[in-house]
Amino acid sequence: MEANNRRDFLKKAALAGASALMAPTLLAAEGKDESEFVLSPSKRTDSQLIVPKNNGLKITGTFLDEISHDIPHQNWGEKEWDLDFQHMKRIGIDTVIMIRSGYRKFITYPSKYLLGKGCYMPSVDLVDMYLRLAEKYNMKFYFGLYDTGHYWDTRDMSWEVEYNKYVIDEVWNTYGEKYKSFGGWYISTEISRNTKGAIGAFHTMGKQCKDVSNGLPTFISPWIDGKKAVMGTGKMTREDAVSVEQHEREWNEIFDGIHDVVDACAFQDGHIDYDELDAFFTVNKKLADKYGMQCWTNAETFDRDMPIRFLPIKFDKLRMKLEAAKRAGYDKAITFEFSHFLSPQSAYLQTGHLYDRYREYFEIK
(Lines give C-alpha, C1' and ligand atoms only; values in the text may rest on other atoms or scores of the structure.)
Protein backbone atom coordinates (compact mmCIF):
# COMPACT_ATOMS: atom_id res chain seq x y z
CA MET A 1 0.00 0.00 0.00
CA GLU A 2 2.75 2.42 0.97
CA ALA A 3 4.74 1.56 -2.17
CA ASN A 4 1.66 2.22 -4.36
CA ASN A 5 1.10 5.62 -2.73
CA ARG A 6 4.75 6.55 -3.34
CA ARG A 7 4.50 5.54 -7.02
CA ASP A 8 1.27 7.55 -7.43
CA PHE A 9 2.95 10.61 -5.87
CA LEU A 10 6.00 10.38 -8.14
CA LYS A 11 3.79 9.91 -11.20
CA LYS A 12 1.70 13.00 -10.34
CA ALA A 13 4.85 15.04 -9.65
CA ALA A 14 6.30 14.08 -13.02
CA LEU A 15 3.09 15.01 -14.81
CA ALA A 16 2.97 18.36 -12.99
CA GLY A 17 6.55 19.09 -14.00
CA ALA A 18 5.83 18.25 -17.62
CA SER A 19 2.77 20.50 -17.55
CA ALA A 20 4.82 23.37 -16.21
CA LEU A 21 7.36 22.98 -19.01
CA MET A 22 4.64 22.80 -21.64
CA ALA A 23 2.52 25.63 -20.27
CA PRO A 24 3.93 28.47 -22.42
CA THR A 25 3.49 26.44 -25.58
CA LEU A 26 -0.05 25.47 -24.70
CA LEU A 27 -0.89 29.04 -23.79
CA ALA A 28 0.55 30.30 -27.05
CA ALA A 29 -1.68 27.85 -28.87
CA GLU A 30 -4.61 29.40 -27.02
CA GLY A 31 -3.58 32.84 -28.28
CA LYS A 32 -1.98 34.09 -25.05
CA ASP A 33 1.27 36.07 -25.10
CA GLU A 34 4.13 34.50 -23.14
CA SER A 35 5.35 38.00 -22.19
CA GLU A 36 2.52 38.18 -19.66
CA PHE A 37 4.52 35.88 -17.41
CA VAL A 38 7.11 36.93 -14.84
CA LEU A 39 9.90 34.75 -16.20
CA SER A 40 9.61 36.13 -19.71
CA PRO A 41 12.16 38.87 -20.53
CA SER A 42 11.13 42.37 -21.51
CA LYS A 43 10.87 42.97 -25.23
CA ARG A 44 12.58 46.36 -24.81
CA THR A 45 16.27 46.52 -25.68
CA ASP A 46 17.06 49.93 -24.17
CA SER A 47 16.45 51.64 -20.83
CA GLN A 48 13.74 54.23 -20.21
CA LEU A 49 16.04 57.11 -19.25
CA ILE A 50 14.32 60.00 -17.46
CA VAL A 51 17.36 62.29 -17.71
CA PRO A 52 18.52 64.08 -20.87
CA LYS A 53 20.74 61.89 -23.02
CA ASN A 54 24.16 62.84 -24.33
CA ASN A 55 24.52 65.56 -21.71
CA GLY A 56 28.02 64.75 -20.47
CA LEU A 57 31.58 64.82 -21.75
CA LYS A 58 32.28 61.62 -23.68
CA ILE A 59 35.22 59.48 -22.64
CA THR A 60 37.79 59.59 -25.44
CA GLY A 61 40.83 58.22 -23.65
CA THR A 62 41.71 55.45 -21.24
CA PHE A 63 44.59 54.32 -19.13
CA LEU A 64 45.92 50.81 -19.72
CA ASP A 65 46.62 49.29 -16.31
CA GLU A 66 49.20 46.73 -17.35
CA ILE A 67 50.82 46.16 -13.94
CA SER A 68 47.59 45.82 -11.91
CA HIS A 69 49.36 46.12 -8.56
CA ASP A 70 46.10 46.77 -6.68
CA ILE A 71 43.57 45.40 -9.20
CA PRO A 72 43.44 41.74 -10.32
CA HIS A 73 45.35 41.04 -13.51
CA GLN A 74 43.20 39.70 -16.36
CA ASN A 75 46.04 37.79 -18.04
CA TRP A 76 45.04 38.78 -21.56
CA GLY A 77 47.04 37.92 -24.64
CA GLU A 78 47.13 39.93 -27.84
CA LYS A 79 43.82 38.45 -29.07
CA GLU A 80 41.98 39.76 -26.00
CA TRP A 81 43.73 43.12 -26.17
CA ASP A 82 42.87 43.47 -29.85
CA LEU A 83 39.19 42.86 -29.07
CA ASP A 84 39.35 45.41 -26.25
CA PHE A 85 40.72 48.04 -28.61
CA GLN A 86 37.72 47.32 -30.85
CA HIS A 87 35.35 47.89 -27.91
CA MET A 88 37.19 51.15 -27.11
CA LYS A 89 36.99 52.30 -30.71
CA ARG A 90 33.25 51.66 -30.81
CA ILE A 91 32.55 54.28 -28.12
CA GLY A 92 34.95 56.87 -29.54
CA ILE A 93 38.19 56.33 -27.60
CA ASP A 94 41.09 57.79 -29.57
CA THR A 95 43.81 57.89 -26.89
CA VAL A 96 45.34 55.09 -24.81
CA ILE A 97 47.76 55.76 -21.97
CA MET A 98 49.96 53.11 -20.42
CA ILE A 99 49.62 54.17 -16.82
CA ARG A 100 53.17 53.20 -15.94
CA SER A 101 55.89 51.32 -17.76
CA GLY A 102 56.80 49.53 -14.57
CA TYR A 103 56.12 49.47 -10.86
CA ARG A 104 58.94 48.43 -8.55
CA LYS A 105 60.31 45.20 -10.10
CA PHE A 106 57.56 44.42 -12.62
CA ILE A 107 58.02 46.08 -16.01
CA THR A 108 56.20 46.14 -19.35
CA TYR A 109 59.03 46.00 -21.86
CA PRO A 110 62.51 44.42 -21.88
CA SER A 111 64.32 47.50 -20.60
CA LYS A 112 68.05 46.90 -20.48
CA TYR A 113 68.40 49.64 -17.90
CA LEU A 114 65.64 48.39 -15.57
CA LEU A 115 66.64 44.74 -15.94
CA GLY A 116 70.10 45.84 -14.88
CA LYS A 117 68.53 47.36 -11.76
CA GLY A 118 66.99 44.03 -10.72
CA CYS A 119 63.59 44.22 -12.40
CA TYR A 120 61.91 41.06 -13.69
CA MET A 121 61.87 40.12 -17.37
CA PRO A 122 58.33 40.45 -18.83
CA SER A 123 56.98 37.60 -20.95
CA VAL A 124 55.90 39.93 -23.78
CA ASP A 125 56.75 43.45 -24.88
CA LEU A 126 53.53 45.25 -23.96
CA VAL A 127 54.78 48.63 -25.14
CA ASP A 128 55.35 47.28 -28.64
CA MET A 129 51.96 45.51 -28.62
CA TYR A 130 50.06 48.61 -27.48
CA LEU A 131 51.78 50.77 -30.08
CA ARG A 132 50.90 48.30 -32.85
CA LEU A 133 47.26 48.08 -31.73
CA ALA A 134 47.03 51.86 -31.39
CA GLU A 135 48.33 52.17 -34.93
CA LYS A 136 45.87 49.53 -36.18
CA TYR A 137 42.89 51.37 -34.69
CA ASN A 138 44.13 54.90 -35.40
CA MET A 139 44.69 55.89 -31.77
CA LYS A 140 47.40 57.86 -30.02
CA PHE A 141 49.51 56.07 -27.41
CA TYR A 142 50.94 57.91 -24.41
CA PHE A 143 53.87 56.28 -22.63
CA GLY A 144 53.66 56.28 -18.81
CA LEU A 145 56.97 56.70 -17.02
CA TYR A 146 58.49 54.18 -14.61
CA ASP A 147 57.41 54.17 -10.94
CA THR A 148 60.19 52.99 -8.65
CA GLY A 149 57.91 52.77 -5.61
CA HIS A 150 60.43 54.76 -3.56
CA TYR A 151 58.25 57.87 -3.65
CA TRP A 152 55.36 56.00 -2.03
CA ASP A 153 57.71 54.73 0.70
CA THR A 154 59.64 57.93 1.40
CA ARG A 155 57.90 60.86 -0.35
CA ASP A 156 61.27 61.50 -1.99
CA MET A 157 60.89 62.13 -5.75
CA SER A 158 64.59 62.08 -6.58
CA TRP A 159 64.48 58.33 -7.35
CA GLU A 160 61.76 58.88 -9.95
CA VAL A 161 63.80 61.54 -11.74
CA GLU A 162 67.00 59.50 -11.68
CA TYR A 163 65.52 56.26 -13.05
CA ASN A 164 63.39 57.98 -15.67
CA LYS A 165 66.35 59.88 -17.08
CA TYR A 166 67.42 56.56 -18.61
CA VAL A 167 63.92 55.17 -19.30
CA ILE A 168 62.82 58.21 -21.34
CA ASP A 169 65.86 58.07 -23.64
CA GLU A 170 65.69 54.27 -23.94
CA VAL A 171 62.01 54.21 -24.84
CA TRP A 172 62.19 57.00 -27.38
CA ASN A 173 65.21 55.43 -29.10
CA THR A 174 63.49 52.01 -29.18
CA TYR A 175 59.91 52.92 -30.10
CA GLY A 176 59.50 56.66 -30.63
CA GLU A 177 60.50 57.00 -34.26
CA LYS A 178 59.35 53.49 -35.17
CA TYR A 179 55.64 54.07 -34.53
CA LYS A 180 53.55 57.02 -35.65
CA SER A 181 51.07 56.08 -32.89
CA PHE A 182 53.58 57.23 -30.22
CA GLY A 183 51.69 60.38 -29.37
CA GLY A 184 52.95 61.64 -26.03
CA TRP A 185 54.05 61.06 -22.46
CA TYR A 186 52.35 60.53 -19.12
CA ILE A 187 54.36 61.63 -16.08
CA SER A 188 53.05 58.90 -13.82
CA THR A 189 54.10 60.18 -10.39
CA GLU A 190 50.84 61.02 -8.59
CA ILE A 191 50.44 63.84 -6.08
CA SER A 192 47.51 65.71 -4.58
CA ARG A 193 49.13 68.67 -2.84
CA ASN A 194 52.21 70.83 -3.29
CA THR A 195 54.49 68.01 -2.21
CA LYS A 196 58.11 68.92 -1.50
CA GLY A 197 60.15 68.51 -4.68
CA ALA A 198 57.11 67.88 -6.91
CA ILE A 199 57.45 70.98 -9.08
CA GLY A 200 61.12 70.38 -9.78
CA ALA A 201 60.61 66.67 -10.48
CA PHE A 202 57.69 67.23 -12.84
CA HIS A 203 59.56 69.97 -14.65
CA THR A 204 62.71 67.90 -15.09
CA MET A 205 60.89 64.83 -16.39
CA GLY A 206 58.47 66.82 -18.54
CA LYS A 207 61.28 68.80 -20.16
CA GLN A 208 63.26 65.69 -21.00
CA CYS A 209 60.21 64.01 -22.54
CA LYS A 210 59.54 67.00 -24.75
CA ASP A 211 63.20 67.53 -25.66
CA VAL A 212 63.81 63.96 -26.86
CA SER A 213 60.54 63.70 -28.81
CA ASN A 214 60.53 67.05 -30.58
CA GLY A 215 57.83 68.49 -28.34
CA LEU A 216 55.28 65.68 -28.06
CA PRO A 217 52.63 66.50 -25.41
CA THR A 218 52.91 65.52 -21.75
CA PHE A 219 50.31 65.30 -19.02
CA ILE A 220 49.82 64.48 -15.35
CA SER A 221 46.87 62.98 -13.44
CA PRO A 222 46.93 64.04 -9.77
CA TRP A 223 44.19 63.41 -7.26
CA ILE A 224 42.23 65.99 -5.29
CA ASP A 225 42.90 65.63 -1.55
CA GLY A 226 39.19 65.33 -0.79
CA LYS A 227 37.07 63.48 1.75
CA LYS A 228 37.47 60.14 -0.08
CA ALA A 229 41.28 60.31 -0.27
CA VAL A 230 41.57 57.60 2.38
CA MET A 231 43.85 54.93 0.89
CA GLY A 232 45.71 53.10 3.64
CA THR A 233 43.54 54.43 6.47
CA GLY A 234 40.85 51.74 6.64
CA LYS A 235 38.17 54.46 6.53
CA MET A 236 35.60 55.41 3.90
CA THR A 237 35.87 59.19 4.41
CA ARG A 238 38.00 61.69 6.31
CA GLU A 239 37.35 64.99 8.07
CA ASP A 240 40.50 66.94 7.14
CA ALA A 241 39.80 67.20 3.40
CA VAL A 242 41.29 70.05 1.41
CA SER A 243 39.09 73.09 0.86
CA VAL A 244 38.40 74.45 -2.61
CA GLU A 245 40.37 77.60 -1.71
CA GLN A 246 43.44 75.70 -0.52
CA HIS A 247 43.30 73.41 -3.54
CA GLU A 248 43.31 76.48 -5.79
CA ARG A 249 46.24 78.11 -3.98
CA GLU A 250 48.45 75.04 -4.09
CA TRP A 251 47.70 74.09 -7.70
CA ASN A 252 48.18 77.66 -8.84
CA GLU A 253 51.73 77.40 -7.52
CA ILE A 254 52.30 73.97 -9.11
CA PHE A 255 50.94 75.00 -12.52
CA ASP A 256 53.04 78.14 -12.43
CA GLY A 257 56.15 75.97 -12.10
CA ILE A 258 55.37 73.29 -14.70
CA HIS A 259 53.11 74.75 -17.40
CA ASP A 260 55.95 75.22 -19.90
CA VAL A 261 56.67 71.46 -19.99
CA VAL A 262 53.33 69.89 -18.98
CA ASP A 263 50.56 70.37 -21.54
CA ALA A 264 47.53 68.91 -19.73
CA CYS A 265 46.30 68.00 -16.27
CA ALA A 266 43.68 65.28 -15.75
CA PHE A 267 42.56 65.46 -12.13
CA GLN A 268 41.13 62.20 -10.80
CA ASP A 269 37.46 62.79 -10.05
CA GLY A 270 36.75 60.15 -7.42
CA HIS A 271 38.09 61.65 -4.20
CA ILE A 272 35.44 64.34 -3.77
CA ASP A 273 31.69 64.00 -3.25
CA TYR A 274 29.23 64.43 -6.10
CA ASP A 275 27.89 67.74 -4.78
CA GLU A 276 31.46 69.11 -4.75
CA LEU A 277 32.18 68.39 -8.41
CA ASP A 278 31.18 71.78 -9.81
CA ALA A 279 33.19 73.79 -7.28
CA PHE A 280 36.44 71.88 -7.80
CA PHE A 281 35.98 71.45 -11.55
CA THR A 282 35.44 75.20 -12.00
CA VAL A 283 38.70 75.93 -10.19
CA ASN A 284 40.60 73.32 -12.19
CA LYS A 285 39.43 74.77 -15.51
CA LYS A 286 40.18 78.33 -14.40
CA LEU A 287 43.74 77.40 -13.44
CA ALA A 288 44.37 75.42 -16.63
CA ASP A 289 43.13 78.33 -18.74
CA LYS A 290 45.29 80.76 -16.79
CA TYR A 291 48.45 78.81 -17.61
CA GLY A 292 47.54 77.73 -21.15
CA MET A 293 47.13 74.07 -20.23
CA GLN A 294 44.50 71.57 -21.36
CA CYS A 295 42.00 70.65 -18.63
CA TRP A 296 41.10 66.95 -18.75
CA THR A 297 39.14 64.85 -16.31
CA ASN A 298 40.18 61.39 -15.20
CA ALA A 299 36.67 59.95 -14.89
CA GLU A 300 37.15 56.97 -12.63
CA THR A 301 34.97 54.03 -13.68
CA PHE A 302 35.48 52.24 -10.38
CA ASP A 303 33.57 53.01 -7.21
CA ARG A 304 35.27 54.63 -4.20
CA ASP A 305 32.05 54.53 -2.16
CA MET A 306 32.16 50.74 -1.69
CA PRO A 307 33.99 48.96 1.14
CA ILE A 308 35.54 46.58 -1.43
CA ARG A 309 38.48 47.96 -3.42
CA PHE A 310 37.72 48.16 -6.33
CA LEU A 311 34.45 47.39 -8.12
CA PRO A 312 32.86 48.93 -11.25
CA ILE A 313 31.00 52.16 -10.62
CA LYS A 314 27.24 52.67 -10.66
CA PHE A 315 26.23 54.27 -13.96
CA ASP A 316 24.52 57.30 -12.37
CA LYS A 317 27.71 58.22 -10.51
CA LEU A 318 29.71 58.12 -13.73
CA ARG A 319 27.01 60.11 -15.53
CA MET A 320 27.02 62.85 -12.88
CA LYS A 321 30.80 63.20 -13.10
CA LEU A 322 30.82 63.43 -16.89
CA GLU A 323 27.98 65.97 -16.83
CA ALA A 324 29.92 68.12 -14.35
CA ALA A 325 32.98 67.97 -16.60
CA LYS A 326 30.91 69.18 -19.54
CA ARG A 327 29.41 72.03 -17.48
CA ALA A 328 32.91 73.13 -16.49
CA GLY A 329 34.05 73.21 -20.12
CA TYR A 330 36.71 70.51 -19.76
CA ASP A 331 38.68 69.68 -22.90
CA LYS A 332 38.82 65.88 -22.70
CA ALA A 333 37.67 62.95 -20.56
CA ILE A 334 39.89 59.95 -19.99
CA THR A 335 39.20 57.11 -17.59
CA PHE A 336 40.84 54.77 -15.19
CA GLU A 337 40.20 52.39 -16.56
CA PHE A 338 38.34 50.91 -19.52
CA SER A 339 39.65 47.36 -19.61
CA HIS A 340 38.81 46.47 -15.99
CA PHE A 341 35.76 48.64 -15.35
CA LEU A 342 34.01 49.44 -18.64
CA SER A 343 34.92 46.68 -21.09
CA PRO A 344 32.35 44.04 -22.09
CA GLN A 345 35.05 41.39 -21.71
CA SER A 346 36.31 42.43 -18.27
CA ALA A 347 36.64 39.87 -15.49
CA TYR A 348 33.91 41.87 -13.72
CA LEU A 349 30.51 40.88 -15.14
CA GLN A 350 28.99 44.28 -14.26
CA THR A 351 31.22 46.15 -16.69
CA GLY A 352 29.40 44.86 -19.77
CA HIS A 353 26.20 46.32 -18.35
CA LEU A 354 27.96 49.62 -17.62
CA TYR A 355 29.20 49.64 -21.22
CA ASP A 356 25.59 49.19 -22.43
CA ARG A 357 24.23 51.92 -20.13
CA TYR A 358 27.01 54.26 -21.31
CA ARG A 359 26.13 53.57 -24.97
CA GLU A 360 22.42 54.16 -24.32
CA TYR A 361 23.10 57.47 -22.61
CA PHE A 362 25.43 58.73 -25.34
CA GLU A 363 23.28 57.17 -28.10
CA ILE A 364 26.12 55.03 -29.45
CA LYS A 365 25.03 52.12 -31.63
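None of these values were measured; they are calculated from a predicted model. Side-chain atoms are counted along with the backbone in the values below, which use heavy atoms only and exclude waters and symmetry mates.
Residues H271 and F280 keep their aromatic ring centres 6.0 Å or farther apart.
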Contacts under 3.5 angstrom, residues 115-124 side chains, donor-acceptor by atom type, not counting sequence neighbours:
none

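The CG atom of N194 lies 12.5 Å from the CG atom of D225; values are rounded to the nearest 0.5 Å. The OG atom of S339 sits 7.5 Å away from atom CD of Q345, with the distance rounded to the nearest 0.5 Å. To the nearest 0.5 Å, the span separating OG on S188 from CD1 on I97 amounts to 12.0 Å. The distance from atom SG of C209 to atom CG of L145, rounded to the nearest 0.5 Å, is 4.5 Å. In this structure, CG on D269 lies 9.0 Å from OG1 on T301, to the nearest 0.5 angstrom. Taken to the nearest 0.5 Å, the NZ atom of K112 stands 16.0 Å off from the OH atom of Y166.
Partner of D303 under the salt bridge (charged side-chain N to carboxylate O under 4.0 Å, His left out) criterion, chosen from K317, R309, K314, K321: K317. The only member of Y274, W296, Y330 that meets ring-ring contact (aromatic ring centres under 6.0 Å, His included) when paired with F281 is Y330.
Looking at K89 and D94, no side-chain N of the basic residue comes within less than 4.0 Å of a carboxylate O on the acidic one, giving no salt bridge. Using a 4.0 Å cut-off between charged side-chain N and carboxylate O, R319 and D316 make a salt bridge. Ionic pairing of R132 and E135 is not present here: no N-O contact between side-chain nitrogen and carboxylate oxygen is shorter than 4.0 angstrom.
A donor-acceptor distance shorter than 3.5 angstrom exists from the side chain of T108 to the backbone of S101, with no hydrogens or angles considered. H353 places no side-chain N or O within donor-acceptor distance of the main-chain N or O of Q350, the cut-off being under 3.5 Å. The closest donor-acceptor contact from the side chain of Q268 to the backbone of S221 lies under 3.5 Å. Of the possible donor and acceptor atoms, none in the side chain of S192 sits under 3.5 Å from a partner among the backbone N and O of W223. In this structure a side-chain-to-backbone donor-acceptor pair under 3.5 Å is missing from S213 to G176. S346 places a side-chain N or O within donor-acceptor distance of the main-chain N or O of H340, the cut-off being under 3.5 Å.
The hydrophobic clustering, which links ILVMFWY residues whose side-chain heavy atoms are closer than 4.5 Å, places I308 and F341 together. Note: the hydrophobic cluster containing L57 also contains I364 (ILVMFWY, side chain heavy atoms under 4.5 Å, direct or indirect links).
A donor atom on one side chain and an acceptor atom on the other are found under 3.5 Å apart for E360 and S47. For the residue pair Q86 / D82, a side-chain donor-acceptor distance below 3.5 Å is found, with atom types taken as modelled. In this structure, a donor-acceptor pair under 3.5 Å is present between the side chains of E170 and S111.
In this structure, the side chains of I191 and Y151 come closer than 4.5 Å at one or more pairs of heavy atoms. Looking at D331 and K285, their side chains come closer than 4.5 Å, going by heavy atoms from C-beta outward.
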**OP:** With side-chain contact (heavy atoms from CB on, under 4.5 Å) as the test, would you mind laying out the steps for R100 and D65 before giving the verdict?
**Re:** CA-CA 8 Å; R100 57 186 72 83; D65 184 27; 3.6 Å; yes
Subject >> Pair L311-Y348, side-chain contact (heavy atoms from CB on, under 4.5 Å): steps then yes or no >> reply: CA-CA 8 Å; L311 295 175; Y348 296 107; 3.9 Å; yes
Original post:
F182 and V171: side-chain contact (heavy atoms from CB on, under 4.5 Å), yes or no, with the steps?
Top reply: CA-CA 10 Å; F182 198 116; V171 164; 3.8 Å; yes
Subject >> Y179/D128 under side-chain contact (heavy atoms from CB on, under 4.5 Å): CA gap, chis, key distance, verdict >> reply: CA-CA 9 Å; Y179 291 105; D128 186 78; 2.5 Å; yes
**OP:** Walk me through it: do D289 and K286 pass the test salt bridge (charged side-chain N to carboxylate O under 4.0 Å, His left out)?
**Re:** CA-CA 5 Å; D289 287 349; K286 182 174 75 171; over 6 Å; no
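Aromatic ring pairs are classed by plane angle as parallel below 30°, tilted from 30° to 60° and perpendicular above 60°; the pair F336 and F63 is tilted. Taking the six-membered ring where the residue is Trp, Y175 and Y109 present perpendicular rings, their angle passing 60° and hence far from 30°. In this pair, Y163 and Y113 present their aromatic rings perpendicular. The plane angle is above 60°, beyond the 30 to 60° band. Aromatic ring orientation, W172 versus W185: tilted (interplanar angle from 30° to 60°).
The ring-ring contact (aromatic ring centres under 6.0 Å, His included) check on W76 picks up W81, with sequence neighbours excluded. Residues meeting the ring-ring contact (aromatic ring centres under 6.0 Å, His included) test with F315, sequence neighbours left out: Y361. Shown here are the salt bridge (charged side-chain N to carboxylate O under 4.0 Å, His left out) partners of E162, two or more places apart in sequence or in another chain: K165. With sequence neighbours left out, D169 forms a side-chain hydrogen bond (donor to acceptor under 3.5 Å, both in side chains) with Q208. Looking at residues two or more places apart in sequence or on another chain, you find a side chain to side chain contact (heavy atoms under 4.5 Å, CB included) between D356 and R359. In this structure Y355 satisfies the ring-ring contact (aromatic ring centres under 6.0 Å, His included) test together with H87, sequence neighbours excluded. Annotation: side chain to side chain contact (heavy atoms under 4.5 Å, CB included) contacts of Q246 (sequence neighbours excluded): R193, V242, S243, R249, E250. Residues satisfying the ring-ring contact (aromatic ring centres under 6.0 Å, His included) test with F141, not counting sequence neighbours, are none.
The shortest non-hydrogen separation linking L342 to L354 is CD1-CG, 3.6 Å. Of all heavy-atom pairs spanning T62 and M88, the tightest one is CG2-SD, 3.9 Å. For the pair T148 and E160, the tightest heavy-atom approach, listed with the atom from each and the gap, is OG1-OE2, 2.5 Å. Here the closest heavy-atom approach between residue A299 and residue L318 is recorded as CB-CD1, 4.2 Å. Here the closest heavy-atom approach between residue A333 and residue L322 is recorded as CB-CD2, 4.2 Å. Summarising the geometry of G197 relative to M157, their closest heavy-atom pair is O-SD, 4.1 Å, with the distance given to 0.1 Å.
Counting only residues at least two apart or in different chains, salt bridge (Lys or Arg N to Asp or Glu O under 4.0 Å) contacts with residues 146-155 comprise R104-D153. Every pair passing salt bridge (Lys or Arg N to Asp or Glu O under 4.0 Å) that includes a residue from residues 273-284 is listed here, sequence neighbours excluded: K227-D273, D278-R327. For the salt bridge (Lys or Arg N to Asp or Glu O under 4.0 Å) condition, the pairs that include at least one residue of residues 207-220, sequence neighbours left out, are K207-D211, K210-D263.
Within a 6.0 Å sphere centred on NZ of K79, other residues, nucleotides and ligands contribute 12 heavy atoms or fewer.
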